[in-house]
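Notes to accompany the following structure.
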Amino acid sequence: MHRRNFVKMFGLTLMGSAHGACAEKSQGYMTTSNKKRIVVIGAGLSGLAAAQELHRQGHEVVVVEGRDRIGGRIWTSSKWADMPLDFGATWIHGTQGNPLTDLADQINAKRLTTSYDRAETYNTSGQSLSEAEETRLEDFRNRIFGALEKAQNEDPDVSIRQVIEPLSRQFDKSSESYRLINFILSGEIEQEYSGSTERLSAHWYDSGKEFDGNDDLFVQGFGVIPEFLSQGLQIELGQVVTEIQWEQPLVRVITQKTEFLADHVIVTLPLGVLQAGKVRFTPELPQNKQIAIAKLGMGVLNKCYLRFPDTFWSDEVDWLEYISENHGEWTEWVSFKRAANMPVLLGFNAADRGRALEAWSDEQIVESAMQTLRTINGVSIPEPIDYQITRWATDPFSLGSYSYNPVGAVPKMRQELAAPLGNSLFFAGEASNEDYFGTAHGAYLSGLRAAQEILEI
Ligand SMILES: Cc1cc2nc3c(=O)[nH]c(=O)nc-3n(C[C@H](O)[C@H](O)[C@H](O)COP(=O)(O)OP(=O)(O)OC[C@H]3O[C@@H](n4cnc5c(N)ncnc54)[C@H](O)[C@@H]3O)c2cc1C
């Protein structure tokens, strides 16, 4: 049967309905009120924020989502009934002035604070750092960030690795100094920005802004925020968009099952999905938008939660850090013991290592994590009773964790990604937020911005 026969608009199957005739003859389409008909592609934070705002202003909104759940890169697992776990975003980074704090307050969402001040760092053989080692680490930190600051005022732009090269080549690859450098690059740069230091731009890796305040996580999981934002919205789950025909009076959003028509469409597809060309734009997107999509980077941060019968690590710390032999190997861990009283550790793998690990089996990943934990805590520690592992790079609906600025990209490209195309197509999503890319609040604010653009037409 021809696709047209499956056309859906705002939940009404048009086939045989009065709207159907309009849909078949888009030239003859007339609005009977000032209500705008809007399709939002993606039920992540940016899409839900945009949809909720437009719905609140009285417009007809449908959210079209490929997955069978809402939230996108906010995804709370309920596998462990006594401890909801976040596979995607965990923290409101910087609670002061952060719009997500207001949302969390509105629903009285219980939060806990974790702090980098409560961190313990272990050397490669698993001992807590001595004072001398702490001093050496601090010295390398000053040299690395000093070199990066200098490089930000010099042309041309190069990768962070290239900036650090004159420092790192002074040391043998098996030396402690070399490991300290890698530890800083992995723990403080790659885990935060998700891109490899081989590609992260020295000029722009940290071009975003930050809110002040604590890092707070949700006791019931970050999922409470998309849940709240989705209230009252019409959301079509399991609708994988394959094409958007946008240069016509009505925009046509074609999915694997049906079609949706709208006056305006907001695209919140993750950068990874746009880069992979999984959704065809007809006509093609303008050149500057295509360049922005190609040049910005989509990085990786993966999580491995391990649940133990009991804690065998310090009750006092929130973060355990490990100066690994190989770059990026289980460098950063979060303990849920102090904050949530749970015998759970969360290990991170970012950038190239995070991507490579996705090809490993769960058992291999857990065994590798356990080798590090045994080095730190001794060979007699118990085996985990369960685990949960993410694989964001191969998730077809995100193809990465969040965006970063590689060499070749400049912040202005995020404005180009965000720019509307006429009155038809609007763009949101974390990657389109020049100030707060890579974050949940950045996604949320981008959704509000796109909604405002439509309201101002
Ligand atoms: C592991 C990890 C940890 C993170 N930690 C934090 C943190 O602690 N704090 C923080 O602030 N941020 C964090 N982030 C970043 C934050 O999660 C994201 O920036 C934010 O959730 C992105 O929202 P979005 O709306 O832009 O995109 P998404 O949430 O990805 O929404 C896009 C939606 O589009 C849908 N979609 C994709 N393709 C199609 C298609 N073809 N058809 C229909 N629908 C489609 C997707 O399924 C998705 O629901 C983290 C992210 C990850 C992955």
Side-chain angles (χ1 to χ4, degrees), residues 39-51 63-76 85-95 98-100 114 191-194 208 210-211 215-218 222-223 225-226 229-230 235-244 253-257 260 266-274 276-280 298-305 334 346 348-350 354 389-393 395-404 417-418 427-433 436-447 450:
V39 164
V40 176
I41 301 175
L45 208 51
S46 60
L48 293 173
V63 183
V64 176
E65 168 57 50
R67 301 180 198 265
D68 57 6
R69 62 168 180 85
I70 64 164
R73 281 171 276 168
I74 291 180
W75 183 11
T76 302
L85 290 185
D86 282 309
F87 284 170
T90 297
W91 288 275
I92 300 181
H93 283 308
T95 48
N98 193 314
L100 299 182
T114 61
Q191 310 261 337
E192 173 148 359
Y193 298 101
S194 79
E210 286 174 5
F211 288 108
D215 288 339
D216 278 6
L217 58 85
F218 293 84
F222 217 132
I225 295 292
L229 286 174
S230 70
I235 302 177
E236 298 273 335
L237 295 176
Q239 293 282 0
V240 181
V241 174
T242 53
E243 185 175 355
I244 303 166
V253 174
I254 301 169
T255 74
Q256 285 173 353
K257 297 181 193 159
F260 298 84
I266 301 181
V267 178
T268 78
L269 296 166
L271 180 65
V273 172
L274 290 169
K278 290 191 130 211
V279 177
R280 174 205 286 265
M298 189 64 169
V300 179
L301 181 69
N302 272 318
K303 297 181 169 182
C304 171
Y305 288 94
V334 176
L346 159 58
F348 291 97
N349 285 283
I389 292 170
T390 68
R391 288 181 174 80
W392 284 102
D395 179 323
F397 294 109
S398 74
L399 296 173
S401 298
Y402 44 93
S403 65
Y404 68 96
L417 187 58
F427 292 83
E430 57 83 12
S432 73
N433 191 323
Y436 299 109
F437 61 88
T439 66
H441 49 272
Y444 177 76
L445 289 168
S446 76

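Position 1 is the first residue of the sequence, and the numbers go up from there. Just so it is clear, the model here is predicted, and its values are computed rather than measured. Order of appearance sets the numbers: ligands from 1, and atoms from 1 within every ligand.
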*With distance as the sole criterion, is a donor-acceptor pair present between the side chains of S46 and E430 under 3.5 Å?*
no
*W75 ring centre to R69 NZ or CZ under 6.0 Å, with the angle to the axis within 45°?*
yes
*Under the salt bridge (Lys or Arg N to Asp or Glu O under 4.0 Å) rule, collect the residues that match up with D215, sequence neighbours excluded.*
none
Give me the pairs of N or O atoms, one from ligand 1 and one from the protein, that sit under 3.5 Å apart.
from: ligand 1; atom 1: 8 (O); to: T90; atom 2: N; distance (Å): 3.1
from: ligand 1; atom 1: 8 (O); to: W91; atom 2: N; distance (Å): 2.9
from: ligand 1; atom 1: 8 (O); to: H93; atom 2: NE2; distance (Å): 3.4
from: ligand 1; atom 1: 9 (N); to: W91; atom 2: O; distance (Å): 2.8
from: ligand 1; atom 1: 11 (O); to: A440; atom 2: N; distance (Å): 2.7
from: ligand 1; atom 1: 12 (N); to: A440; atom 2: N; distance (Å): 3.1
from: ligand 1; atom 1: 17 (O); to: R73; atom 2: O; distance (Å): 3.4
from: ligand 1; atom 1: 19 (O); to: T439; atom 2: O; distance (Å): 3.0
from: ligand 1; atom 1: 25 (O); to: L45; atom 2: N; distance (Å): 3.3
from: ligand 1; atom 1: 25 (O); to: S46; atom 2: N; distance (Å): 2.9
from: ligand 1; atom 1: 25 (O); to: S46; atom 2: OG; distance (Å): 2.6
from: ligand 1; atom 1: 26 (O); to: E430; atom 2: N; distance (Å): 2.8
from: ligand 1; atom 1: 27 (O); to: R73; atom 2: NH2; distance (Å): 2.9
from: ligand 1; atom 1: 29 (O); to: R73; atom 2: N; distance (Å): 2.8
from: ligand 1; atom 1: 30 (O); to: R73; atom 2: NE; distance (Å): 2.8
from: ligand 1; atom 1: 30 (O); to: R73; atom 2: NH2; distance (Å): 3.4
from: ligand 1; atom 1: 41 (N); to: V241; atom 2: O; distance (Å): 3.1
from: ligand 1; atom 1: 42 (N); to: V241; atom 2: N; distance (Å): 2.8
from: ligand 1; atom 1: 44 (N); to: G66; atom 2: N; distance (Å): 3.0
from: ligand 1; atom 1: 47 (O); to: E65; atom 2: OE2; distance (Å): 2.6
from: ligand 1; atom 1: 47 (O); to: R67; atom 2: NE; distance (Å): 2.9
from: ligand 1; atom 1: 49 (O); to: E65; atom 2: OE1; distance (Å): 2.6
from: ligand 1; atom 1: 49 (O); to: E65; atom 2: OE2; distance (Å): 3.3

_Show the nearest heavy-atom pair for residues V300 and A393, with the distance to one decimal._
CG2-CB, 3.8 Å
_For a ring pair (Phe, Tyr, Trp, His ring centres under 6.0 Å) check, start with the C-alpha distance between Y436 and F211, then their side-chain angles and the critical distance, and finish with the verdict._
CA-CA 9 Å; Y436 299 109; F211 288 108; 4.8 Å; yes
_With a 3.5 Å distance limit and no angle check, can you tell me whether T255 reaches the backbone of K257 through a side-chain donor-acceptor pair?_
yes
